[in-house]
Colleague: 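Structure in structure tokens, see below.
All chains are named by letter (A, B, ...) in the order of the sequence lines, taking the proteins before the strands, and each is independently numbered beginning at 1.
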Amino acid sequence: MSTTTSGVLSDRHEPLWKRLPIIAHVRRSVGLQRGMLVAGIVICVAFVVLAVFAPLIAPYGYGQLSDDDGTFARQAAPSAEHLWGTTVGGYDVFSRVVWGTRTAISVVVVAVVLSIAIGVVLGLVSGYLGGWVDRVLVVVADAVYAFPSLLLAIVVSIVISGGQSSLWGGILSAGISITVVFVPQYFRVVRAEAVRLKSEAFVESAKVVGSSTPRIMFKHVLRNATRSLPLILTLNASEAILTLAALGFLGFGIGPTSAAEWGYDLNRALSDTASGIWWTGVFPGAAIVLMVLGITLVGESLNDLADPRLRTRRRAGRSKAGRRGAGSTTTTTATTPVDPQEATA
Amino acid sequence: MTVLTGDQIAPEPPAPAAPRRRRSGGGGGLGRYLVVRALLIIPTVFILVTLVFFLMRVVGNPITASVGDRLTEAQLAERLAAAGYDRPIIVQYLEYLGQIVRLDFGTTATDNREISDIIVTYGAATLELVFYALIVALVIGIPLGMLAAYVRDRWPDAVLRILAIFAYATPVFFAGLLLKLTFSVWLGWLPLSGRADTRIAIALGRIENPTGIYILDALRLGNSTITLDVLSHAVLPALTLGLLTAGIFLRLVRTNVIGTLGSEYVDAARSRGVSELRLVRKHALKPALIPIITVMGLQIAMLLGGSVLTETTFGWRGLGFQLQQYLSARDFVAVQGIVAVLAVIVAVTNFLVDVIAALIDPRVRY
Amino acid sequence: ASGGDAADDALNGISVGTTDVITSLDPAGSYDNGSFAVQNQVFGFLMNSPYGSPDVEPDLAESAEFTDPTTYTVTLKDGLTFANGNALTSSDVKFTFDRQLAIADDNGPSSLLGNLASTEAPDDKTVVFTLKGADQTWPQILSSPAGPIVDEDVFSATSLTSPDDIVSGNAFSGQYTITDYSENESIQYAANDAYDGVLGAAKTDSVTATYYTEETDLKLAVQEGDVDVANRSLSPTDLADLAKDDSLTVHNGPGGETRYMVFNFDTMPHGATQPDADAAKALAVRQAVAGVVDREALAKEVYNDTYTPLYSVVPDGLTGATKPLESLYGDGEGGPDVDAATSTLSSAGVSVPVQIDLQYSPDHYGASSDEEYALIKTQLEASGLFTVNLQSTLWDTYSTERRQDAYPVYQLGWFPDFSDADNYLSPFFVKDNFVGNHYDSAAVQALLSQEIAEDDETARTALIGQIQDAVAADLPTLPLLQGTQIVVSASDVQGVDDTLDPSFKFRYGALSR
Amino acid sequence: MTAGPMDQGASPVRHAAHDVPRDERDVAVGITDLRVTFATDGGDVPAVRGVTLDVRAGEVLAIVGESGSGKSVTAKTILRLLPETAVATGAVVLSGQNVLEIGRGAVRELRGTEVAMVFQEPSTALNPVYTVGWQIAEGIRAHGKIGRKEARARAVDILRKVGIPDPETRVDYYPHQFSGGQKQRVVIAMALVLNPSVIVADEPTTALDVTVQAEILDLLRRCRDEFGTAIVLITHNMGVVADLADRVAVMYQGEVVEQAPSAALFAAPQDDYTKRLLGSVPVLEPRGAQVQAVEADRDVVVRASGLEIEYPGRLGRGGFRAVKGVDFSIAKGEVLGLVGESGSGKTTIGRAIAGLTRVTGGSLEVLGVEMNGVHERDFKPLRADIGFVFQDPASSFNPLLTIAECVAEPLIVHGRAGDARAARGRVDELMEAVQLPKAFGDRYPHELSGGQRQRASLARSLALEPTLLIADEPTSALDVSVQARVLELFRELQTDLGFAALFISHDLAVVNMLADRIGVLYHGDLVENGPNDQVLGAPEHPYTQRLLASLPVPDPAEQAARRRRLAELDARAAAGEVA
Ligand SMILES: Nc1ncnc2c1ncn2[C@@H]1O[C@H](COP(=O)(O)OP(=O)(O)OP(=O)(O)O)[C@@H](O)[C@H]1O
Ligand SMILES: Nc1ncnc2c1ncn2[C@@H]1O[C@H](COP(=O)(O)OP(=O)(O)OP(=O)(O)O)[C@@H](O)[C@H]1O
Ligand SMILES: [Mg+2]
Ligand SMILES: [Mg+2]
């Protein structure tokens with residue numbers, strides 16, 4: 001694909017804020033694609049707000065078992081005092097769901113930042129330099145990739161946390177164990193890009209000019225190799241949430257007194273749910289689903305927008321002013337729209 | 001769970017560029033390619049086994065894990081020494097490699113079972129589950145993915161895609177719980193857990209040379225009650241794991257079919273008057289299948305990973321479930337053995353997928 | 001064979017569900033409840049406890065007695081056979097114990113036989129055990145996981161025998177034989193006509209056991225009628241829900257499982273290696289903790305009364321058990337008393353709040369540990385006397401680190417090997433015990449060696465009482481909760497309560513419809 | 001807009017179809033006031049702005065014009081193959097129906113039977129996973145109930161007609177089993193099979209070598225003559241137009257600026273743009289270049305003797321020898337032109353000289369350094385003396401750097417400037433030298449046109465005043481008019497700066513414009529090497545002869561003569577083979 005970045009960069013002369021990744025994407029999107037992207041962004045932003053303002057939003061702490069009125073009832077049904085009821089441990093479900101956002105987002109950030117940093121550097125070096133380093137790294141990455149990722153995450157998280165489940169210990173070990181699973185993915189993608197870019201004319205032209213290898217790698221290859229990262233980033237973010245939940249569910253996560261974690265809450269809610277106590281499981285479960293849904297919507301939309309084959313475009317034949325509510329076509333008498341069914345470019 | 005989609009694995013156009021390179025080899029090319037490709041399985045397995053060996057040594061040992069709250073320090077040390085766990089780790093590693101080379105995976109530390117025995121017994125269960133799930137995923141994912149591509153960017157497409165995301169976004173254990181409550185407890189249509197009713201499981205265990213794949217054994221018995229029971233037990237786990245995978249497949253098929261729909265040969269066929277539906281069914285799907293199959297091969301690793309949670313949720317005693325149990329017991333011998341076998345399975349699957357992709361793509365035929 | 005037969009057999013029988021995990025059918029290869037639960041159904045013992053009692057009586061034995069303090073002589077019943085028809089003789093008994101010691105499997109119970117010097121079989125019916133030291137618990141040990149009698153013609157003398165060989169060899173000597181065995185999935189039992197021991201013949205010919213992986217599945221299974229009896233483990237929530245079901249009965253029996261906190265005498269506040277070391281202050285801290293914890297609340301709120309408060313290191317129901325902690329600390333009736341604890345601390349000169357690093361393991365003693373320790377933390381902190389830094393660690397690391405003095409105060413639990421009070425005392429308080437918390441009381445150790453050798457029943461009971469008082473005063477461990485055995489059964493199943501006894505052995509042979 | 005007098009019998013009547021008196025029914029496609037607009041991120045793009053055209057049976061209408069002038073869009077509209085972002089108005093009348101207004105089913109009926117399309121790139125126009133027979137039969141069966149057997153028989157038949165040897169067997173071949181030229185024949189067969197009244201051929205020969213191109217043009221000519229098909233031929237190659245077209249429509253920025261019979265257009269172009277277009281086409285004519293003999297060793301910049309280059313095989317398989325023992329040299333200030341068909345090894349040689357590809361045999365001396373076994377360390381200092389201009393100006397710039405930064409890169413790397421800012425003075429000078437406004441330095445590559453980018457590329461390669469410049473098809477991605485300007489600039493700079501150059505191209509005419517000497521590569525062998533006039537005037541190797549004869553020239557009369565010469569050559573070759 002030689003249309004490398006021209007599409008993404010769009011117009012240099014637009015004001016900066018209009019060129020920021022997500023905003024630029026929204027502006028370029030159209031119709032259902034815009035709907036999905038915006039829905040995803042709204043969900044993600046909502047969760048970020050929840051996370052940032054958790055202390056203000058949540059009525060109680062994540063590990064709080066009592067307030068001035070005494071100890072909380074266990075497995076209490078939703079009420080004015082406990083909007084979404086309480087768990088078997090006597091925690092307030094609503095508060096734990098809100099605080100859980102913090103944990104989820106922290107883990108996502110740790111996992112994504114680490115895996116990008118490691119994966120990108122390894123992928124770049126491996127793809128650009130090639131040779132035996134490349135071959136070894138590829139085999140190792142493939143091997144790690146072939147490992148059932150959840151198990152790898154479990155083992156690594158035990159190794160890292162030493163079995164301890166403190167807040168930061170838990171977040172870091174979950175984050176790092178997810179990193180181990182993700183690095184091969186970033187590695188693959190960046191390496192493929194590096195291999196592709198290596199034979200691009202502009203890299204060769206830097207080579208003929210006599211640029212040093214590190215200069216080529218970082219100035220020319222790296223900056224152009226990152227185009228698919230936002231997409232994988234969102235995909236991995238949602239996987240990170242699911243992996244964290246699975247770790248918590250299987251009992252390898254963060255303890256309830258250290259932080260709120262949805263997977264753990266779901267685990268503890270198993271027998272509740274089977275006993276007709278629905279509120280302890282449904283809310284954390286829904287939180288996981290919703291957050292993954294939001295991130296995936298954003299990711300898929302970014303993917304579609306980045307891929308010229310997948311991107312929907314606005315229909316022509318309308319004035320600049322009419323650009324806003326694009327998506328459907330109003331056919332003027334003189335205009336004969338080409339049938340959308342047929343033209344699947 | 002690891003979700004990779006076609007556009008990440010093969011960011012370039014859907015036309016299978018990779019296999020084409022292999023063409024120039026002439027007569028012996030495919031054979032040699034296959035041999036080299038098959039040999040690559042060895043380092044993969046070696047790396048995994050090594051990784052698991054050292055990771056597992058860090059996380060503890062089965063003896064402390066099982067009797068750590070009963071024995072005195074001295075008694076414990078004595079048992080550790082008897083089991084050889086006090087020797088330098090490198091010695092243990094070399095010994096283990098020696099065993100592996102002789103294809104002797106050892107016996108589990110916690111319950112003294114031959115790894116090979118475990119693989120055969122529980123592998124059959126996992127195989128059955130993964131097979132069902134794959135069927136569900138293919139039957140649902142591929143047609144719906146094609147449909148979504150066909151009606152792209154209109155509301156049915158959006159609905160399908162959001163459903164697909166839901167399928168993927170719902171953690172297996174949560175989906176499993178909801179399904180169980182709905183179909184087993186509330187409606188009472190399907191059994192709760194396990195692979196068969198206890199009595200039927202016993203009956204199946206009694207037949208001569210059981211395969212361990214219940215549905216095969218049940219069919220061999222020819223008893224419809226038993227077959228039905230076995231099938232009804234499989235419905236929920238297969239749906240849980242299958243729907244998750246179907247969501248991923250749907251997305252993958254949609255993306256790739258839209259990709260191939262944009263290629264010139266589709267336009268060329270269109271210019272010959274071929275109908276739109278036929279374009280999707282014939283011209284877009286088959287070329288799109290090549291990257292799809294490659295990714296599906298990678299999904300096998302994911303399916304195996306996903307089967308851990310599914311098996312746990314549904315009491316389906318397969319390798320995934322067993323692996324998690326052994327992991328909790330810190331039984332490194334068992335974990336190493338099972339992982340080694342899983343690694344071989346994944347590597348071999350990927351190898352086979354390459355071969356299948358080659359068979360679909362006439363350009364790599366020799 | 002067709003599936004029909006098995007189905008018909010089982011229809012008349014009783015089906016039991018459990019979440020137990022079996023590691024080995026061979027008694028030499030397991031030292032865990034799940035495996036022992038199966039072995040109890042299918043292997044006879046020389047001594048065994050009858051329904052309803054913690055104390056042992058001859059089972060396969062005709063008679064058994066100490067012929068001198070270190071010699072225990074057993075005479076077997078006449079005409080004993082295994083289910084496969086092989087004669088069960090003293091040679092099988094000698095084989096059983098020799099093989100335990102020879103195999104000494106990593107996961108086996110051979111450590112229970114540490115006191116056994118030799119086993120002799122002078123004639124077909126006589127077995128003579130020679131002990132290294134006087135040991136009044138020996139008859140109990142014969143009923144422990146080390147004691148199931150196995151067939152020397154089927155079992156290997158030097159290595160573990162596979163379940164397939166045991167089942168196909170039909171080498172069973174207990175109330176039941178196993179006709180189909182699928183490890184951790186299902187077991188089909190059939191009554192063993194050859195058994196002629198203290199428990200009598202099984203009341204039901206055919207029992208099917210199903211192994212569930214999830215508590216919730218077991219709960220739903222018994223609720224839906226898929227199984228008649230659900231035995232271990234159901235979560236408190238599940239039990240509360242099942243109790244509402246009219247077609248089911250929830251049975252409670254005494255349990256041998258105990259939960260307690262351990263104080264590391266070196267690293268606890270004011271412990272021996274601390275900069276502010278002071279034995280008296282350390283004791284005051286322990287006493288204050290003992291006075292502040294509210295066991296009733298723990299049992300009720302966290303465990304829905306599936307655990308009961310424990311006021312001694314020896315659980316209620318065992319011969320010799322007392323409740324010294326009830327009166328010693330708190331309000332004198334088992335409840336907490338913050339004022340008393342405050343004065344204990346201030347009179348010892350301990351400055352409050354005392355910082356306590358409290359450790360527990362979330363994955364070994366059940367998921368409710370999280371709630372249990374969160375509540376303990378809340379209780380301790382609510383008193384204003386303590387600030388608690390609560391930390392959980394996965395079991396494997398936990399059980400290593402606790403021995404390395406990493407945890408000042410931490411959670412442990414105990415499940416007995418046999419139903420004798422000594423099993424709750426000696427392993428904990430002899431020199432070089434398994435707890436390893438640097439509690440080293442010469443007085444208690446002297447009492448223990450006296451108790452173990454004392455062959456007079458009453459005198460021994462008195463000694464056991466004294467030891468309980470002594471450790472209640474020193475508080476090396478703080479007993480918190482005692483488990484109950486809880487079984488949920490369909491209402492038409494009888495005999496459940498007969499076997500929910502302080503022997504802690506659940507025998508299917510007692511069940512009937 | 002010119003609506004020329006359509007039915008003046010300007011073209012000589014050559015075949016049966018033309019004997020029929022012309023009336024309205026004869027019009028195969030009539031396009032009236034066609035306007036097509038695309039929606040893009042940057043707003044609406046009017047691609048076609050009121051085009052009126054018609055094509056008659058048995059006639060070849062060529063549409064020419066620069067890139068982006070709306071040729072393809074017009075052509076695709078005839079089959080209504082536009083993407084959904086396009087909106088078309090006006091009328092495209094095909095057998096009495098306005099394609100833009102009828103229903104989907106009706107359009108589908110027309111496709112294949114009334115109008116068919118031949119695509120530019122035959123390898124992408126064929127579905128790789130189905131046999132060609134299947135794909136041909138599919139088109140047949142899409143229009144009526146025709147049995148599998150019969151469809152296949154017709155497929156075999158049509159394959160034979162387009163000159164596929166042994167069609168009974170080949171009908172079951174997959175596309176990849178055909179050569180490029182054969183693939184294009186298959187594509188044409190697919191278009192012909194339902195005997196449509198119009199074939200739209202969008203650059204049907206651009207992807208092919210000149211020799212193959214000649215064959216395909218021949219085939220299209222036969223279609224017209226034998227089947228009486230109307231052909232809409234889109235091309236940017238005036239030689240092809242001269243070779244095949246009866247009538248020519250010139251498009252410029254979405255409009256038809258001139259429409260005339262072929263001979264008339266070439267003889268007397270009316271519109272300014274047409275004149276410019278024709279003036280830009282490079283023609284092969286003797287240049288009489290002054291050849292300096294290579295005197296002393298130090299005057300030689302590049303010397304290859306027995307040069308061999310082998311690409312390593314994958315997975316231990318044998319490598320591929322792309323260059324098989326080649327001798328040549330380039331003297332100081334001399335321009336060596338290198339031509340040859342695709343895959344003959346031109347690029348490989350160029351890259352080897354620049355140190356991008358390893359030399360595996362023989363000797364290659366560049367500026368006194370032996371490249372066989374050279375270490376990057378030893379070669380690096382010399383890089384300042386070598387410039388390289390890449391084929392595709394778009395991809396040879398890092399899209400994330402400004403033009404000025406790109407041009408400054410060699411200066412920075414070789415320490416002539418600290419950073420892009422410091423180098424700006426020199427960059428401005430260079431921009432001036434290649435006739436680019438200074439302000440363009442602040443633009444990003446995608447904000448320049450193709451020709452401007454290639455100028456910038458030239459500026460970058462000259463930044464360090466190299467003694468040797470390697471230009472690998474520097475103009476093949478450009479329009480003829482733009483190409484002409486870039487070539488002109490290149491020549492001027494070469495004269496001014498006096499660097500030696502290796503000029504690679506597949507276009508003999510282009511090479512002839514610039515080079516002092518020409519080398520012809522054929523399958524990795526240098527089959528011809530000598531001064532321009534010698535190689536072009538008296539070629540020795542049969543391949544060179546064919547190459548020269550295949551090259552269409554933009555003059556219908558001259559081209560007819562060349563066609564005859566080529567036919568003779570082919571006949572001779574065939575006879576030679578028999579002998
Ligand atoms: N799918 C599309 N979306 C937006 N603009 C398009 C699209 N297709 C073509 N265009 C624009 O329409 C104009 C005409 O394009 P067209 O492909 O007809 O050019 P052309 O004359 O065939 O050029 P070339 O010689 O390069 O093939 C160009 O400006 C092009 O950018
Ligand atoms: N990296 C490579 N690995 C293997 N073979 C290659 C490689 N690059 C080129 N080749 C092969 O070497 C031969 C010569 O290639 P080269 O690029 O020099 O041709 P060219 O004359 O420049 O053709 P074109 O006119 O199409 O650019 C071709 O057959 C090509 O397939
Ligand atoms: Mg075009
Ligand atoms: Mg080239």
Colleague: Measuring from atom OG of A/Ser205 to atom CZ of D/Phe388, what distance do you get when rounded to the nearest 0.5 angstrom?
Modeller: 9.5 Å
Colleague: Kindly determine whether A/His220 and D/Leu401 satisfy side-chain contact (heavy atoms from CB on, under 4.5 Å), including the steps that lead there.
Modeller: CA-CA 9 Å; A/His220 296 291; D/Leu401 300 182; 3.8 Å; yes
Colleague: If you look at every heavy atom in D/Ser396 and A/Ala201, which pair is closest and at what distance?
Modeller: CA-CB, 3.6 Å
Colleague: Taking heavy atoms only and a threshold strictly under 4.5 Å, list by residue number the residues of residues 208-216 of chain A that touch chain D; give 'none' if the list is empty.
Modeller: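 Only A/Val208, A/Val209, A/Gly210, A/Ser211, A/Ser212, A/Arg215 of residues 208-216 of chain A have a heavy atom under 4.5 Å from chain D.
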Colleague: Tell me, for D/Leu382 versus chain A, whether the close heavy atoms (under 4.5 Å) come from the side chain, the backbone, both or neither.
Modeller: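 It is neither, since no heavy atom gets under 4.5 Å.
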Colleague: Looking at CD1 of D/Ile412 and NZ of A/Lys219, how far apart are the two atoms once the value is rounded to the nearest 0.5 Å?
Modeller: 6.0 Å
Colleague: Any carboxylate oxygen within less than 4.0 angstrom of a Lys/Arg side-chain nitrogen, looking at A/Glu204 and D/Arg351?
Modeller: yes
Colleague: So which part of D/Phe397 gets closer than 4.5 Å to some heavy atom of chain A, the side chain, the backbone, both or neither?
Modeller: backbone
Colleague: Heavy atoms, side chains only, cut-off 4.5 Å: are A/Phe202 and D/Ser395 in contact?
Modeller: no
Colleague: Between D/Arg35 and chain A, which part of the residue has a heavy atom less than 4.5 Å away: side chain, backbone, both or neither?
Modeller: neither
Colleague: Would you indicate whether D/Lys76, at its atom NZ, is surrounded by more than 12 heavy atoms from other residues, nucleotides or ligands within a distance under 6.0 Å?
Modeller: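 Check fails, neighbour count at 12 or below.
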